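Here is the structure we will look at.
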Amino acid sequence: MRIVLNGKAHETGALTLAALLEEMGVGENRVATAVNGRFAPRPMRAATPLSDGDAVEVVSPMEGG
Amino acid sequence: MRIVLNGKAHETGALTLAALLEEMGVGENRVATAVNGRFAPRPMRAATPLSDGDAVEVVSPMEGG
Amino acid sequence: MRIVLNGKAHETGALTLAALLEEMGVGENRVATAVNGRFAPRPMRAATPLSDGDAVEVVSPMEGG
Amino acid sequence: MRIVLNGKAHETGALTLAALLEEMGVGENRVATAVNGRFAPRPMRAATPLSDGDAVEVVSPMEGG
Amino acid sequence: MDGSSPDRLVLYGETVVSRLLLGTAQYPSPDRLARAVAAGGAEIVTVSLRREGTGGTAFWELVRASGARVLPNTAGCRSVSEAVTTAHMARELFETPWIKLEVIGDDDTLQPDVFGLVEAARILCAEGFEVFPYTTDDLGVANRLLDAGCRVLMPWAAPIGTGQGVSDPYALRSLRARLPEVVMIVDAGLGRPSHAAEVMEMGYDAVLLNTAVAKAGDPVAMARAFGLAVEAGRLAHLARAIEARDMAAPSTPVAGTPFWTDP
Amino acid sequence: MDGSSPDRLVLYGETVVSRLLLGTAQYPSPDRLARAVAAGGAEIVTVSLRREGTGGTAFWELVRASGARVLPNTAGCRSVSEAVTTAHMARELFETPWIKLEVIGDDDTLQPDVFGLVEAARILCAEGFEVFPYTTDDLGVANRLLDAGCRVLMPWAAPIGTGQGVSDPYALRSLRARLPEVVMIVDAGLGRPSHAAEVMEMGYDAVLLNTAVAKAGDPVAMARAFGLAVEAGRLAHLARAIEARDMAAPSTPVAGTPFWTDP
Amino acid sequence: MDGSSPDRLVLYGETVVSRLLLGTAQYPSPDRLARAVAAGGAEIVTVSLRREGTGGTAFWELVRASGARVLPNTAGCRSVSEAVTTAHMARELFETPWIKLEVIGDDDTLQPDVFGLVEAARILCAEGFEVFPYTTDDLGVANRLLDAGCRVLMPWAAPIGTGQGVSDPYALRSLRARLPEVVMIVDAGLGRPSHAAEVMEMGYDAVLLNTAVAKAGDPVAMARAFGLAVEAGRLAHLARAIEARDMAAPSTPVAGTPFWTDP
Amino acid sequence: MDGSSPDRLVLYGETVVSRLLLGTAQYPSPDRLARAVAAGGAEIVTVSLRREGTGGTAFWELVRASGARVLPNTAGCRSVSEAVTTAHMARELFETPWIKLEVIGDDDTLQPDVFGLVEAARILCAEGFEVFPYTTDDLGVANRLLDAGCRVLMPWAAPIGTGQGVSDPYALRSLRARLPEVVMIVDAGLGRPSHAAEVMEMGYDAVLLNTAVAKAGDPVAMARAFGLAVEAGRLAHLARAIEARDMAAPSTPVAGTPFWTDP
């Protein structure tokens, strides 16, 4: 399945957002997520399916002004 | 019938906007009109009925910036 | 003898600047002096004669900006 | 004889300011002159001797602000 | 720009030469108003609406006689619906699709309510009006007004009637630079001819004034002064002024001046 | 001010109408200079002296042909004696007692050396010159120049050639207010017509420019722009501009507008 | 204000003493950032979100260690939906309802899109966020933000990163005067401590800075400088500064000075 | 600047830490004066002379008690001889060679008479005084004062007592740039702490204030505010502030923010 992860094309076998994070090796409390422009809260990740073409954002803290 | 004419209480017997202008002695081409906040075009005045409590604006040219 | 003391006419019997200060009851270390627009240093006061019409300044510390 | 003409070393045989102008081929009414920093009026040029080392200015109109 | 290609201003298809627009209010007399319009060379004047019975008609006869094009305003309107209705009344009465759209958001600063302004502009443009919106120097608002169908914008220089001149030169220059193709008339806040020249030098297309002329000691002479200043500013814009610089530089060339030696 | 009492400027007994004086340096060509002088309506132009052999005579013929009065300067002079000798050479060559006196105190800022200036002015006034001293906005210096015999002053707006406009408006307004009777021409630092209008609005009597015109993209159009701006500023001064105010005020009267209810 | 009633700032129920908020971006190193926050005395710092995998975590550990409260922003968002989603992600990640709401309308000027801003503020306030909207000096927009539920506003002084200081002092003073009760933090455009002192003197409640500190030659010293300036400006506001006046007045009393005679 | 090399100011061989000098006139009470001097951290205060019999001695006892160094002035002097005599009296009375030299040229603007100032400075330096001349921002005058023997200069920011802040920033920056090694204290015209920070940021060495503190609503708090602002400005000067720029620039890095695509 081909999704867009953080703005770049990405091949994944993960069927849910939670599985994607695991595949990425990202600690689930260290990031926040959105799918197709909508916020995906932490408790909902396991229940959030991924489909071909989905745009996924996985973000963590950054310096800001 | 009691209407509000140009912001002031006004007693009138006119049943239409056109009749009101005649009662006021105002040349119909010299003014523009609105009833209850909506524009009342010149050709529609004769067909515009007045009811008790209506707010009527009758305006003419003024200096402006 | 009539002098001008600090801008005002003043009648005095003092023949020297030192005598004038004594007459005024002014402690000699608390003030500075000038006669006719020239500085009169402290050690010279006793030797500074006063003449009719002399302009004498006797000044002390004041607030300043 | 070596003079400084308009800021530059200049060899001349002229014994007067008037002769210098003639040597330069300069119309006498088209210029103004100074010798050693002092103005040399037109009528005085023939009577103004030049000496070795003199600084001579010969100027004409220029654009100015 | 030379004699063969006169510098003209096109507003919704209408062509004018003068880049000074004048308001008609607050003059000491109708006669002074008429003479000021003539002295300033204004081809466009703003007018307004008043409730019948609150004044005479001398003013309107006089404006007609002047031959100037009229630009009615919606002064005093504080809501979208008031502004829209006023615009309709003005269109019928003055027989022009032009409307200077004012939606005032604050009774103290008289500053535009940019939300109401955009909404009213959208409605009026859709109804065939040719809208001259009185707005701030906000670029985002300007873009929304253009999206709404406006083809002319009227950003302020400072709050109406303050006469203080350009309040935020950076913002006004920036707006001009970001919208180089849009016709923009500076409206409100100018007090002296130098202010008008300044905004014209920035590249604004025209200037609309009222208080600064009408309340001057001599309104007729002041109208003429503003007319000249607007022309001066326009010419200077086209003639490309020098850049301000931090270092001094001699105007008279120093090399060749008498007594000169290198410092 | 009406047609029957034209507004004239008198400088050491000579009367002119135009309040724009132009420098003659730095133009792209003599022809452009000539056309700029004409377009700006200048009746007085500044000139200088150069060492013979460093240029042609076309310029001078052209200035003569223009009919403008010449005001020679002592540009480049850094001492009293240089300035005095230069003034004498200029008087003989240009056949005029007028001299724009410059004594430069700093090669970077080109600012007047006010001490040398006052001393040179005293000498030259005593020798019959009619001195136009290029000075700062310092009131005390101005008073000493008047005591020296000057009847015209030329305060700067900003350092020569910066084109930044009035650097210290407070000082310039204050100088004008304290010397209401003295003829004062603002010289140096102006970059755009709005700057010229501004100082004329303050009540200065005239403006002298060079770089801002000569180095503009189109010097001829820019000369015209400055000519108009100077006239605009003068008219505005006489016509008494409105005061800037902190509060907004409607130009269109609010009472009587449709839908109006007291806020 | 005396020792017994310390001057505190309350933001959505949270109380702080320091009126300097600092951004965390652009520092030469995380260590300098940490030292700058300490030197400036900032109790609140802004943070942002980045795509996972584009950097390290040192920064975040360091901010946590500093003990400062975090104010996440929606920097880079150009639409309402982007801003809203980013706010939600930030709330979850940073565990705070606070959000500095930026909706950028123009990629060049980075100015707020006031329409998008108000809409996003309405949505977020309704969803329980405590919104700090980055806005312009427009009073009408401010009022709509308050209507949307914002209890703090963050007007700009000038476009982000320009460091030019207050671009429109009149507008900023006017905004403060019209909304005396609203907590307002000036954000963006300040370059030097004097700028920060100036807005605090106007009565603004706090200042948020980033570039001016982070990009200074010595960010740690500059943070301290801004901390002092903000305190100075606050004190001066409370201590009621003298009014600027047009006339000079002696500080030393003249009556009684030696040699004095009435002028 | 770090802890090991404290930033000190040396005035004629005397070293101080505080860069705020305070005048002692116009306070609501001697007690407030004393507390203001303490709150501002001033180590140097200015004093003056009055004719004996026109006031009490409480003030002087209080100044002595404060431990501050005194800098007597020649306020009110309008001629060289008055200033010179006053300086001598002050030296004897206050037992210090320091003298703040004022020679006033105009009773309305209270501006320095630069001619009298230079002459008096020359006399006093020759007689062993350590002269702090109150002068304008004129570079040529500054150079003459240095030639006369002054090792500290006190240029004004604006006329005394106006409180309007820097009247001509260009001139003040230029003076600082041209005399980088000279100790210069800005005296007169500052009204608010932001003004003081501004001149310190320019690189001036210290600030002398009176009216702005003494006439504030709360002089003690205001003295503290100025003390902080002077320190802030000094730190910022040493820490090298960012340059103001015309273009906006994001503080938060845009690459890597969520939803980002190239514009």
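Computed from a predicted structure; not experimentally measured. Chain letters run A, B, ... following the sequence lines, proteins first and then strands; every chain starts at 1. Values below: every heavy atom of this structure, side chains too, minus hydrogens, waters and symmetry copies.
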Q.
Please report the interatomic distance CG(F:Leu190) to CH2(F:Trp156), rounded to the nearest 0.5 Å.
A.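 Going from the CG atom of F:Leu190 to the CH2 atom of F:Trp156 covers 12.5 Å.
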Q) Relative to chain F, which segment of D:Val58 carries a heavy atom at a distance below 4.5 Å: side chain, backbone, both, or neither? A) both
(Q) For D:Arg42, which atoms come within 4.5 Å of any heavy atom of chain F: side chain, backbone, both, or neither? (A)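 Contact with chain F: backbone and side chain both.
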Between side-chain atoms of residues 30-41 of chain F and protein atoms elsewhere (two or more places apart, or another chain), which donor-acceptor pairs fall under 3.5 Å?
unit_1, atom_1, unit_2, atom_2, d
F:Asp31, OD2, F:Arg35, NH1, 3.4

Q | Donor-acceptor pair, side chain of F:Tyr134 and main chain of F:Pro112, under 3.5 angstrom | A | no
Q. So, does F:Thr162 use its side chain to make a donor-acceptor pair with the main chain of F:Pro159 at under 3.5 Å?
A.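 The answer is yes, because a donor-acceptor pair under 3.5 Å joins these two groups.
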Q) Checking heavy atoms, do the side chain of F:Phe94, its backbone, both or neither come under 4.5 Å from chain D? A)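 Contact with chain D involves the side chain of F:Phe94 alone.
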Q | Test log, rule salt bridge (Lys or Arg N to Asp or Glu O under 4.0 Å), inputs F:Arg78 and F:Asp113 | A | CA-CA 8 Å; F:Arg78 289 180 279 182; F:Asp113 166 20; over 6 Å; no
Q: Tell me the residues of residues 45-54 of chain D whose non-hydrogen atoms fall below 4.5 Å from those of chain F, in number order.
A: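 The list, in residue order, reads D:Arg45.
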Q | Note: D:Glu57-F:Arg51 ion pair, threshold 4.0 Å (strictly below) | A | yes
Q) Quick one: do F:Arg69 and F:Glu14 make a salt bridge, cutoff under 4.0 Å? A) yes
Q: Scan for salt bridge (charged side-chain N to carboxylate O under 4.0 Å, His left out) pairs involving residues 93-102 of chain F, sequence neighbours excluded, and state none if there are none.
A: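 For residues 93-102 of chain F, and leaving out neighbouring residues, the salt bridge (charged side-chain N to carboxylate O under 4.0 Å, His left out) pairs sorted by first residue read F:Lys100-F:Glu102, F:Lys100-F:Asp187.
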Q: Return the minimal non-hydrogen interatomic distance between D:Val31 and D:Ser60, and the atom names on each side.
A: CG1-CB, 4.4 Å
**Q.** Considering all heavy atoms, the nearest F:Pro193-F:Ala225 contact
**A.**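 For F:Pro193 and F:Ala225, the tightest heavy-atom pair comes out as CG-CB, 3.9 Å.
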Q: Let me see the working for F:Asn73 and F:Thr46 under side chain to side chain donor-acceptor pair (under 3.5 Å), right down to the final yes or no.
A: CA-CA 7 Å; F:Asn73 69 24; F:Thr46 53; 5.1 Å; no
Q | Neighbours of chain D found in residues 122-130 of chain F - heavy atoms under 4.5 Å | A |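 Residues in range: none.
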Q) Looking at F:Ser48, F:Gly23, F:Ala25, which makes the most heavy-atom pairs under 4.5 Å with chain D? A) F:Ser48
